[in-house]
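Written below as C-alpha coordinates is the structure these notes are about.
From a predicted model like this one, the values you see are computed outputs, not experimental measurements. Every chain is numbered from 1, with letters handed out A, B, ... down the list of sequences.
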Amino acid sequence: MHGEALKMLNIDHCYVKYPKDLYSCSALIIPGGESSSFSKLISKNNLLDCLKDFAEKKPVFGTCAGLIILSKINTPLVKGLGILDIDIERNGWGTQINSFKHNIFLPDQCNSKFNAVFIRAPRITNINDNNIKILSSLNGEPVLIQKKKCLGATFHPELTSNLTIHKYFIEMIDEKIIRKS
Amino acid sequence: MSKKNNMDINIGLAEMLKGGVIMDVTNSDQAKVAEESGAVAVMALERIPSDIRRDGGISRMSDPEMIIDIQNSVSIPVMAKCRIGHFVEAQILESIKVDFIDESEVLTPADEHNHIYKESFKVPFVCGARNLGEALRRIGEGASLIRTKGEAGSGNIIEAVRHMRTIINDINLLSNLDDHQLMAESKNMGAPFDLVKLVSTTKKLPVPNFSAGGIATPADAALMMQLGAESVFVGSGIFKSEDPINRAKAVVEATTYFNDPDKLANVSTGIKDAMSGIDMSEIPKEKMLQNRGW
(Lines give C-alpha, C1' and ligand atoms only; values in the text may rest on other atoms or scores of the structure.)
Protein backbone atom coordinates (compact mmCIF):
# COMPACT_ATOMS: atom_id res chain seq x y z
CA MET A 1 0.00 0.00 0.00
CA HIS A 2 2.94 2.33 0.68
CA GLY A 3 4.13 1.29 -2.78
CA GLU A 4 0.93 2.65 -4.31
CA ALA A 5 1.34 5.97 -2.48
CA LEU A 6 4.94 6.22 -3.75
CA LYS A 7 3.80 5.39 -7.29
CA MET A 8 1.35 8.31 -7.14
CA LEU A 9 4.29 10.53 -6.19
CA ASN A 10 6.42 9.13 -9.05
CA ILE A 11 8.94 7.61 -6.67
CA ASP A 12 10.48 4.24 -7.55
CA HIS A 13 10.40 1.63 -4.83
CA CYS A 14 11.50 -1.92 -4.10
CA TYR A 15 10.89 -4.40 -1.28
CA VAL A 16 13.75 -4.97 1.11
CA LYS A 17 14.25 -8.61 2.09
CA TYR A 18 18.06 -8.86 2.09
CA PRO A 19 20.83 -6.54 3.33
CA LYS A 20 21.91 -5.98 -0.30
CA ASP A 21 18.48 -4.53 -1.16
CA LEU A 22 19.27 -1.51 1.02
CA TYR A 23 22.34 -0.45 -1.03
CA SER A 24 20.26 1.06 -3.81
CA CYS A 25 17.74 2.82 -1.53
CA SER A 26 17.69 6.53 -0.66
CA ALA A 27 15.08 6.07 2.05
CA LEU A 28 13.21 3.28 3.79
CA ILE A 29 9.62 2.74 4.91
CA ILE A 30 9.02 0.05 7.53
CA PRO A 31 5.32 -0.76 7.06
CA GLY A 32 2.59 -2.10 9.32
CA GLY A 33 2.03 -5.76 10.07
CA GLU A 34 2.97 -7.77 13.13
CA SER A 35 6.10 -6.52 14.88
CA SER A 36 6.73 -9.95 16.43
CA SER A 37 6.84 -11.50 12.97
CA PHE A 38 9.09 -8.70 11.60
CA SER A 39 11.44 -9.00 14.53
CA LYS A 40 11.86 -12.72 14.00
CA LEU A 41 12.63 -12.31 10.29
CA ILE A 42 14.93 -9.30 10.84
CA SER A 43 17.14 -11.13 13.31
CA LYS A 44 17.10 -14.42 11.43
CA ASN A 45 18.15 -12.83 8.16
CA ASN A 46 20.92 -10.58 9.49
CA LEU A 47 19.05 -7.35 8.85
CA LEU A 48 19.32 -5.80 12.33
CA ASP A 49 22.72 -4.12 12.04
CA CYS A 50 22.34 -2.95 8.46
CA LEU A 51 18.91 -1.44 9.23
CA LYS A 52 20.39 0.43 12.22
CA ASP A 53 23.25 1.61 10.05
CA PHE A 54 20.87 2.74 7.29
CA ALA A 55 18.67 4.65 9.75
CA GLU A 56 21.66 6.61 11.01
CA LYS A 57 22.39 7.92 7.54
CA LYS A 58 19.17 8.07 5.56
CA PRO A 59 15.49 8.88 6.07
CA VAL A 60 13.37 6.12 7.61
CA PHE A 61 9.61 6.10 8.18
CA GLY A 62 7.95 3.54 10.45
CA THR A 63 4.18 3.15 10.43
CA CYS A 64 2.31 1.17 13.11
CA ALA A 65 4.36 -2.03 13.58
CA GLY A 66 7.18 -0.24 11.69
CA LEU A 67 7.27 2.40 14.44
CA ILE A 68 7.52 -0.36 17.07
CA ILE A 69 10.54 -1.72 15.18
CA LEU A 70 12.16 1.76 15.23
CA SER A 71 11.70 2.03 19.01
CA LYS A 72 13.89 0.77 21.84
CA ILE A 73 11.42 -1.99 22.70
CA ASN A 74 13.14 -5.14 23.94
CA THR A 75 10.86 -8.04 24.84
CA PRO A 76 11.18 -11.78 24.16
CA LEU A 77 9.01 -11.30 21.05
CA VAL A 78 10.11 -7.93 19.70
CA LYS A 79 13.53 -6.33 19.60
CA GLY A 80 13.49 -2.79 18.20
CA LEU A 81 16.30 -1.01 16.34
CA GLY A 82 16.56 1.55 19.14
CA ILE A 83 16.44 4.60 16.86
CA LEU A 84 13.57 6.31 18.68
CA ASP A 85 13.75 6.38 22.48
CA ILE A 86 10.06 6.03 23.25
CA ASP A 87 7.96 3.70 25.37
CA ILE A 88 5.43 2.00 23.16
CA GLU A 89 2.58 -0.36 23.90
CA ARG A 90 1.56 -2.93 21.26
CA ASN A 91 -2.19 -3.11 20.44
CA GLY A 92 -2.70 -0.18 22.82
CA TRP A 93 -6.36 0.28 21.89
CA GLY A 94 -7.47 -3.36 21.97
CA THR A 95 -8.50 -5.84 19.29
CA GLN A 96 -9.73 -5.14 15.74
CA ILE A 97 -13.19 -4.13 16.94
CA ASN A 98 -11.55 -1.14 18.66
CA SER A 99 -9.73 -0.05 15.49
CA PHE A 100 -10.89 3.37 14.30
CA LYS A 101 -10.51 6.37 12.00
CA HIS A 102 -10.03 9.84 13.40
CA ASN A 103 -9.10 13.22 12.01
CA ILE A 104 -5.74 14.48 13.25
CA PHE A 105 -4.28 17.92 12.70
CA LEU A 106 -0.99 18.41 10.85
CA PRO A 107 -0.07 22.03 11.65
CA ASP A 108 3.41 22.12 10.12
CA GLN A 109 2.83 19.94 7.08
CA CYS A 110 -0.28 21.43 5.52
CA ASN A 111 -2.14 23.22 8.28
CA SER A 112 -5.03 20.88 7.72
CA LYS A 113 -6.77 17.73 8.86
CA PHE A 114 -5.68 14.20 8.00
CA ASN A 115 -8.03 11.22 8.28
CA ALA A 116 -5.86 8.74 10.17
CA VAL A 117 -6.63 5.00 10.23
CA PHE A 118 -5.64 3.23 13.45
CA ILE A 119 -5.60 -0.58 13.11
CA ARG A 120 -4.78 -2.55 16.28
CA ALA A 121 -2.53 0.46 16.71
CA PRO A 122 0.28 0.88 19.18
CA ARG A 123 0.29 3.73 21.73
CA ILE A 124 3.28 5.91 22.50
CA THR A 125 3.17 6.03 26.30
CA ASN A 126 6.31 8.08 26.88
CA ILE A 127 8.94 10.02 24.91
CA ASN A 128 12.34 9.82 26.59
CA ASP A 129 14.33 12.00 24.19
CA ASN A 130 14.05 15.81 23.92
CA ASN A 131 15.13 15.66 20.29
CA ILE A 132 11.93 13.87 19.30
CA LYS A 133 9.34 16.32 17.99
CA ILE A 134 5.62 15.61 18.20
CA LEU A 135 4.10 16.50 14.82
CA SER A 136 0.57 15.45 15.69
CA SER A 137 -1.40 14.18 18.67
CA LEU A 138 -4.77 12.62 19.29
CA ASN A 139 -6.43 13.51 22.60
CA GLY A 140 -3.06 14.55 23.97
CA GLU A 141 -1.25 11.35 22.90
CA PRO A 142 1.49 11.60 20.25
CA VAL A 143 0.60 9.76 17.02
CA LEU A 144 3.14 11.25 14.56
CA ILE A 145 6.68 11.94 15.72
CA GLN A 146 10.02 12.87 14.19
CA LYS A 147 13.66 12.80 15.20
CA LYS A 148 15.87 14.28 12.51
CA LYS A 149 15.28 12.12 9.42
CA CYS A 150 13.34 9.46 11.27
CA LEU A 151 9.55 9.66 11.11
CA GLY A 152 7.10 7.48 13.02
CA ALA A 153 3.30 7.13 12.92
CA THR A 154 1.08 4.92 15.07
CA PHE A 155 -1.50 4.94 12.24
CA HIS A 156 -1.55 4.00 8.53
CA PRO A 157 -1.10 7.01 6.21
CA GLU A 158 -0.90 4.59 3.24
CA LEU A 159 -4.53 3.52 3.70
CA THR A 160 -5.93 6.97 2.85
CA SER A 161 -5.64 8.75 -0.48
CA ASN A 162 -4.18 11.87 1.17
CA LEU A 163 -0.46 11.88 0.30
CA THR A 164 0.59 14.76 2.59
CA ILE A 165 2.61 12.65 5.01
CA HIS A 166 4.33 10.64 2.27
CA LYS A 167 5.25 13.90 0.52
CA TYR A 168 6.65 15.26 3.77
CA PHE A 169 8.78 12.12 4.14
CA ILE A 170 10.02 12.19 0.54
CA GLU A 171 11.17 15.79 1.03
CA MET A 172 13.60 14.54 3.67
CA ILE A 173 15.58 12.70 0.99
CA ASP A 174 18.78 14.52 0.17
CA GLU A 175 18.38 15.79 -3.40
CA LYS A 176 21.93 14.81 -4.26
CA ILE A 177 21.16 11.15 -3.85
CA ILE A 178 19.84 9.61 -7.03
CA ARG A 179 16.48 7.99 -6.48
CA LYS A 180 16.27 4.51 -7.83
CA SER A 181 14.60 1.31 -6.95
CA MET B 1 -21.76 1.37 14.05
CA SER B 2 -22.48 -0.85 11.07
CA LYS B 3 -19.85 -2.84 9.27
CA LYS B 4 -20.13 -0.61 6.22
CA ASN B 5 -18.40 2.25 8.03
CA ASN B 6 -15.69 -0.16 9.06
CA MET B 7 -15.02 -1.81 5.71
CA ASP B 8 -11.80 0.11 4.96
CA ILE B 9 -10.48 -0.45 8.49
CA ASN B 10 -11.22 -4.16 8.16
CA ILE B 11 -9.70 -4.52 4.71
CA GLY B 12 -6.79 -2.54 6.20
CA LEU B 13 -6.20 -5.30 8.77
CA ALA B 14 -6.28 -7.90 5.97
CA GLU B 15 -3.68 -5.78 4.12
CA MET B 16 -1.42 -5.89 7.19
CA LEU B 17 -1.50 -9.70 7.18
CA LYS B 18 -0.11 -9.88 3.64
CA GLY B 19 3.07 -11.87 3.13
CA GLY B 20 2.52 -13.79 6.34
CA VAL B 21 1.32 -17.11 7.71
CA ILE B 22 -1.86 -17.68 9.73
CA MET B 23 -1.72 -20.91 11.73
CA ASP B 24 -4.50 -23.13 13.12
CA VAL B 25 -4.07 -23.68 16.87
CA THR B 26 -6.17 -25.60 19.39
CA ASN B 27 -4.74 -24.29 22.67
CA SER B 28 -2.61 -21.50 24.13
CA ASP B 29 0.62 -23.53 24.00
CA GLN B 30 0.25 -24.04 20.26
CA ALA B 31 -0.66 -20.35 19.88
CA LYS B 32 2.58 -19.36 21.60
CA VAL B 33 4.58 -21.68 19.33
CA ALA B 34 2.89 -20.05 16.33
CA GLU B 35 3.67 -16.56 17.58
CA GLU B 36 7.29 -17.40 18.40
CA SER B 37 7.69 -18.91 14.95
CA GLY B 38 6.65 -15.64 13.32
CA ALA B 39 2.98 -16.26 12.44
CA VAL B 40 1.06 -13.02 11.71
CA ALA B 41 -2.15 -14.40 13.25
CA VAL B 42 -3.62 -17.58 14.69
CA MET B 43 -6.91 -19.32 13.98
CA ALA B 44 -8.36 -20.72 17.21
CA LEU B 45 -10.34 -23.93 16.76
CA GLU B 46 -11.20 -26.96 18.85
CA ARG B 47 -10.06 -29.62 16.41
CA ILE B 48 -7.82 -29.11 13.43
CA PRO B 49 -9.35 -30.08 10.09
CA SER B 50 -7.61 -33.45 9.74
CA ASP B 51 -9.05 -34.54 13.12
CA ILE B 52 -12.50 -33.26 12.18
CA ARG B 53 -12.24 -35.33 9.02
CA ARG B 54 -11.19 -38.41 10.99
CA ASP B 55 -13.64 -38.10 13.89
CA GLY B 56 -16.71 -37.03 11.93
CA GLY B 57 -19.77 -35.76 13.81
CA ILE B 58 -20.92 -32.15 13.88
CA SER B 59 -18.24 -29.57 14.28
CA ARG B 60 -19.19 -26.20 15.72
CA MET B 61 -17.75 -22.92 16.93
CA SER B 62 -15.15 -23.45 19.66
CA ASP B 63 -15.85 -22.88 23.35
CA PRO B 64 -15.34 -19.13 23.99
CA GLU B 65 -13.25 -19.98 27.05
CA MET B 66 -10.65 -21.68 24.86
CA ILE B 67 -10.62 -18.72 22.43
CA ILE B 68 -10.26 -16.20 25.27
CA ASP B 69 -7.41 -18.26 26.73
CA ILE B 70 -5.62 -18.01 23.38
CA GLN B 71 -6.36 -14.25 23.13
CA ASN B 72 -4.76 -13.80 26.54
CA SER B 73 -1.64 -15.73 25.63
CA VAL B 74 -0.57 -14.02 22.37
CA SER B 75 -0.17 -10.46 21.02
CA ILE B 76 -0.94 -11.25 17.36
CA PRO B 77 -4.50 -11.22 15.93
CA VAL B 78 -6.73 -14.13 16.94
CA MET B 79 -9.25 -15.43 14.42
CA ALA B 80 -11.99 -17.98 15.10
CA LYS B 81 -14.41 -20.00 12.98
CA CYS B 82 -18.19 -20.04 12.92
CA ARG B 83 -20.45 -22.31 10.87
CA ILE B 84 -21.68 -21.17 7.46
CA GLY B 85 -24.91 -19.23 8.01
CA HIS B 86 -24.69 -19.40 11.81
CA PHE B 87 -24.94 -15.69 12.56
CA VAL B 88 -25.43 -16.26 16.29
CA GLU B 89 -22.06 -17.98 16.57
CA ALA B 90 -20.69 -14.91 14.75
CA GLN B 91 -22.42 -12.60 17.26
CA ILE B 92 -20.76 -14.53 20.10
CA LEU B 93 -17.35 -14.32 18.45
CA GLU B 94 -17.84 -10.58 17.93
CA SER B 95 -18.84 -10.21 21.58
CA ILE B 96 -15.57 -11.78 22.76
CA LYS B 97 -13.73 -9.46 20.36
CA VAL B 98 -11.93 -11.88 18.07
CA ASP B 99 -9.97 -9.99 15.39
CA PHE B 100 -11.41 -11.90 12.41
CA ILE B 101 -14.25 -14.41 11.96
CA ASP B 102 -13.82 -17.23 9.46
CA GLU B 103 -17.24 -18.33 8.19
CA SER B 104 -15.80 -21.70 7.41
CA GLU B 105 -16.65 -24.81 5.42
CA VAL B 106 -14.43 -26.74 7.84
CA LEU B 107 -17.28 -26.62 10.36
CA THR B 108 -20.65 -28.25 9.65
CA PRO B 109 -22.88 -25.70 7.84
CA ALA B 110 -25.90 -24.33 9.74
CA ASP B 111 -27.78 -23.07 6.66
CA GLU B 112 -27.81 -24.81 3.28
CA HIS B 113 -28.89 -21.72 1.34
CA ASN B 114 -27.61 -18.60 3.06
CA HIS B 115 -24.33 -17.31 4.29
CA ILE B 116 -24.13 -14.70 7.05
CA TYR B 117 -24.95 -11.08 6.10
CA LYS B 118 -21.53 -9.91 7.18
CA GLU B 119 -22.18 -6.22 6.63
CA SER B 120 -24.25 -6.12 9.80
CA PHE B 121 -21.14 -6.87 11.88
CA LYS B 122 -18.34 -4.56 12.94
CA VAL B 123 -15.75 -7.37 13.13
CA PRO B 124 -14.14 -8.44 9.82
CA PHE B 125 -14.91 -11.78 8.11
CA VAL B 126 -12.80 -14.08 5.97
CA CYS B 127 -14.57 -16.59 3.70
CA GLY B 128 -13.47 -19.43 1.46
CA ALA B 129 -13.97 -19.50 -2.31
CA ARG B 130 -13.30 -21.91 -5.18
CA ASN B 131 -13.92 -19.48 -8.01
CA LEU B 132 -14.50 -15.80 -8.70
CA GLY B 133 -18.30 -15.99 -8.49
CA GLU B 134 -18.13 -17.50 -5.01
CA ALA B 135 -15.52 -14.93 -3.91
CA LEU B 136 -17.64 -12.00 -5.14
CA ARG B 137 -20.79 -13.35 -3.48
CA ARG B 138 -18.94 -13.42 -0.16
CA ILE B 139 -17.52 -9.92 -0.72
CA GLY B 140 -21.03 -8.76 -1.64
CA GLU B 141 -22.19 -10.03 1.77
CA GLY B 142 -19.41 -8.04 3.45
CA ALA B 143 -16.30 -10.27 3.67
CA SER B 144 -13.05 -8.28 4.07
CA LEU B 145 -10.79 -11.13 3.04
CA ILE B 146 -11.02 -14.14 0.73
CA ARG B 147 -9.07 -17.37 1.04
CA THR B 148 -9.14 -20.01 -1.61
CA LYS B 149 -10.65 -23.11 0.01
CA GLY B 150 -8.39 -25.93 -1.07
CA GLU B 151 -9.30 -29.13 0.75
CA ALA B 152 -8.79 -28.60 4.47
CA GLY B 153 -7.13 -31.37 6.45
CA SER B 154 -5.98 -33.24 3.34
CA GLY B 155 -2.31 -32.25 3.39
CA ASN B 156 -2.70 -32.26 -0.38
CA ILE B 157 -2.02 -29.02 -2.25
CA ILE B 158 -3.83 -29.91 -5.48
CA GLU B 159 -7.19 -28.33 -4.57
CA ALA B 160 -5.59 -25.11 -3.29
CA VAL B 161 -3.75 -24.82 -6.60
CA ARG B 162 -6.93 -25.53 -8.55
CA HIS B 163 -8.89 -22.85 -6.71
CA MET B 164 -6.17 -20.20 -6.95
CA ARG B 165 -5.70 -20.83 -10.66
CA THR B 166 -9.47 -20.78 -11.21
CA ILE B 167 -9.89 -17.39 -9.53
CA ILE B 168 -7.00 -15.91 -11.49
CA ASN B 169 -8.32 -17.36 -14.77
CA ASP B 170 -11.81 -16.02 -13.99
CA ILE B 171 -10.39 -12.54 -13.36
CA ASN B 172 -8.41 -12.64 -16.62
CA LEU B 173 -11.49 -13.76 -18.49
CA LEU B 174 -13.56 -10.95 -17.02
CA SER B 175 -10.99 -8.30 -17.87
CA ASN B 176 -11.18 -9.37 -21.53
CA LEU B 177 -14.94 -8.89 -21.80
CA ASP B 178 -16.45 -5.66 -23.13
CA ASP B 179 -19.05 -3.73 -21.13
CA HIS B 180 -21.95 -5.28 -23.08
CA GLN B 181 -20.96 -8.75 -21.86
CA LEU B 182 -20.67 -8.02 -18.15
CA MET B 183 -24.31 -8.46 -17.13
CA ALA B 184 -24.55 -11.87 -18.80
CA GLU B 185 -21.32 -12.91 -17.10
CA SER B 186 -22.59 -11.59 -13.76
CA LYS B 187 -25.66 -13.82 -14.22
CA ASN B 188 -23.51 -16.72 -15.33
CA MET B 189 -21.19 -16.61 -12.32
CA GLY B 190 -23.91 -15.64 -9.86
CA ALA B 191 -22.02 -12.59 -8.65
CA PRO B 192 -23.18 -9.02 -7.93
CA PHE B 193 -23.04 -6.88 -11.08
CA ASP B 194 -21.25 -3.91 -9.48
CA LEU B 195 -18.45 -6.19 -8.24
CA VAL B 196 -18.18 -7.95 -11.63
CA LYS B 197 -17.84 -4.52 -13.24
CA LEU B 198 -15.25 -3.44 -10.70
CA VAL B 199 -13.08 -6.55 -11.15
CA SER B 200 -13.27 -6.26 -14.95
CA THR B 201 -11.48 -2.88 -14.69
CA THR B 202 -9.17 -3.35 -11.70
CA LYS B 203 -8.22 -6.95 -12.69
CA LYS B 204 -8.04 -7.97 -9.03
CA LEU B 205 -10.32 -8.74 -6.11
CA PRO B 206 -11.38 -5.69 -4.09
CA VAL B 207 -10.06 -7.42 -0.93
CA PRO B 208 -6.85 -9.42 -0.35
CA ASN B 209 -6.78 -13.03 -1.55
CA PHE B 210 -5.03 -15.62 0.62
CA SER B 211 -4.64 -19.37 0.20
CA ALA B 212 -5.76 -22.23 2.46
CA GLY B 213 -6.52 -25.94 2.51
CA GLY B 214 -3.72 -28.45 2.02
CA ILE B 215 -0.49 -26.54 2.66
CA ALA B 216 1.87 -28.98 4.41
CA THR B 217 5.42 -27.96 3.46
CA PRO B 218 7.49 -24.77 3.03
CA ALA B 219 7.48 -25.49 -0.70
CA ASP B 220 3.65 -25.69 -0.71
CA ALA B 221 3.47 -22.24 0.91
CA ALA B 222 5.93 -20.77 -1.61
CA LEU B 223 4.03 -22.41 -4.50
CA MET B 224 0.79 -20.69 -3.46
CA MET B 225 2.60 -17.36 -3.08
CA GLN B 226 4.17 -17.69 -6.53
CA LEU B 227 0.75 -18.50 -7.95
CA GLY B 228 -0.56 -15.20 -6.58
CA ALA B 229 -1.70 -15.81 -3.00
CA GLU B 230 -0.99 -12.83 -0.77
CA SER B 231 -0.63 -14.90 2.43
CA VAL B 232 -1.23 -18.48 3.49
CA PHE B 233 -3.34 -20.24 6.12
CA VAL B 234 -1.77 -23.43 7.42
CA GLY B 235 -4.11 -25.71 9.29
CA SER B 236 -3.25 -29.31 10.03
CA GLY B 237 0.11 -28.93 8.26
CA ILE B 238 1.97 -27.56 11.29
CA PHE B 239 0.68 -29.34 14.38
CA LYS B 240 0.08 -32.68 12.62
CA SER B 241 3.73 -32.81 11.54
CA GLU B 242 6.51 -34.45 13.54
CA ASP B 243 8.31 -31.22 14.43
CA PRO B 244 5.79 -28.37 14.65
CA ILE B 245 8.18 -25.63 15.87
CA ASN B 246 10.75 -26.03 13.13
CA ARG B 247 8.12 -26.64 10.46
CA ALA B 248 6.28 -23.49 11.55
CA LYS B 249 9.46 -21.42 11.30
CA ALA B 250 10.33 -22.91 7.93
CA VAL B 251 6.86 -22.18 6.51
CA VAL B 252 7.10 -18.56 7.71
CA GLU B 253 10.47 -18.08 6.01
CA ALA B 254 9.31 -19.81 2.85
CA THR B 255 6.31 -17.47 2.68
CA THR B 256 8.51 -14.37 3.01
CA TYR B 257 11.23 -15.61 0.63
CA PHE B 258 8.83 -17.41 -1.73
CA ASN B 259 10.80 -16.35 -4.81
CA ASP B 260 14.22 -17.47 -3.62
CA PRO B 261 14.95 -21.15 -4.43
CA ASP B 262 18.24 -21.17 -2.47
CA LYS B 263 16.48 -19.95 0.63
CA LEU B 264 13.64 -22.44 0.07
CA ALA B 265 16.14 -25.29 -0.25
CA ASN B 266 17.77 -24.15 2.94
CA VAL B 267 14.57 -23.93 5.03
CA SER B 268 13.25 -27.22 3.62
CA THR B 269 16.34 -29.08 4.79
CA GLY B 270 16.36 -31.14 7.95
CA ILE B 271 12.78 -30.67 9.12
CA LYS B 272 11.15 -33.93 10.12
CA ASP B 273 8.26 -35.55 8.23
CA ALA B 274 5.23 -33.58 7.09
CA MET B 275 1.71 -34.81 7.86
CA SER B 276 0.94 -37.85 5.76
CA GLY B 277 -1.83 -36.44 3.55
CA ILE B 278 -4.66 -37.98 1.52
CA ASP B 279 -5.06 -38.44 -2.23
CA MET B 280 -8.23 -36.79 -3.55
CA SER B 281 -9.47 -40.12 -4.98
CA GLU B 282 -9.68 -41.40 -1.39
CA ILE B 283 -12.11 -38.64 -0.37
CA PRO B 284 -15.68 -39.31 -1.53
CA LYS B 285 -17.41 -36.25 -2.97
CA GLU B 286 -19.86 -35.94 -0.08
CA LYS B 287 -16.94 -35.85 2.35
CA MET B 288 -15.23 -32.96 0.58
CA LEU B 289 -15.28 -29.88 2.79
CA GLN B 290 -14.82 -27.51 -0.16
CA ASN B 291 -18.31 -28.29 -1.48
CA ARG B 292 -19.88 -26.71 1.58
CA GLY B 293 -20.84 -23.10 0.81
CA TRP B 294 -23.15 -21.69 -1.86
Whether K97(B) side chain and T95(A) backbone form a donor-acceptor pair below 3.5 Å: no

Between the side chain of K40(A) and the main-chain N/O of E36(B), is any donor-acceptor distance below 3.5 Å? yes

Heavy atoms of other groups near [X] [atom1], more than 12 under 6.0 Å:
X	atom1	answer
Q226(B)	CD	yes
I245(B)	CD1	no
K149(A)	NZ	yes
N130(A)	CG	no

Any residues in residues 86-94 of chain B near chain A, with a heavy-atom distance under 4.5 Å, and which are they? E94(B)

Segment of K18(B) engaging chain A (4.5 angstrom heavy-atom cut-off): neither

Under 4.5 Å from any heavy atom of chain A, what part of A39(B) do you find: side chain, backbone, both or neither? backbone

Distance-minimising heavy-atom pair for L77(A) and S75(B): CD1-OG, 4.0 Å

Of all heavy-atom pairs between K17(A) and Y257(B), which one has the smallest distance, and what is that distance? O-OH, 2.8 Å

Answer whether the closest heavy-atom distance between the side chains of [X] and [Y] falls below 4.5 Å.
X	Y	value
R120(A)	P77(B)	yes
H156(A)	M16(B)	yes
F118(A)	I9(B)	no
L13(B)	S99(A)	no

Looking at L41(A), L159(A), N45(A), V117(A), which makes the most heavy-atom pairs under 4.5 Å with chain B? N45(A)

Restricting to pairs with a member in residues 134-147 of chain A, which pass salt bridge (charged side-chain N to carboxylate O under 4.0 Å, His left out), not counting sequence neighbours? R123(A)-E141(A), D129(A)-K147(A)

Could you tell me the separation between the OH atom of Y15(A) and the CG atom of N259(B), rounded to the nearest 0.5 Å? 13.0 Å

Value rounded to 0.5 Å, distance of NZ in K44(A) from NZ in K249(B): 6.0 Å

Output yes when D8(B) and K101(A) qualify as a salt bridge under the 4.0 Å nitrogen-oxygen rule, no when they do not. yes

Below 4.5 Å from any heavy atom of chain B, which atoms of I119(A) appear? Answer side chain, backbone, both or neither. side chain

For S37(A) and I76(B), run side chain to side chain contact (heavy atoms under 4.5 Å, CB included): C-alpha distance rounded to whole Å, both residues' side-chain angles, the deciding distance at 0.1 Å, then the answer. CA-CA 9 Å; S37(A) 187; I76(B) 52 179; over 6 Å; no

Just to verify, which of V123(B), V78(B), V98(B), N10(B) counts as forming a side-chain contact (heavy atoms from CB on, under 4.5 Å) with Q96(A)? N10(B)

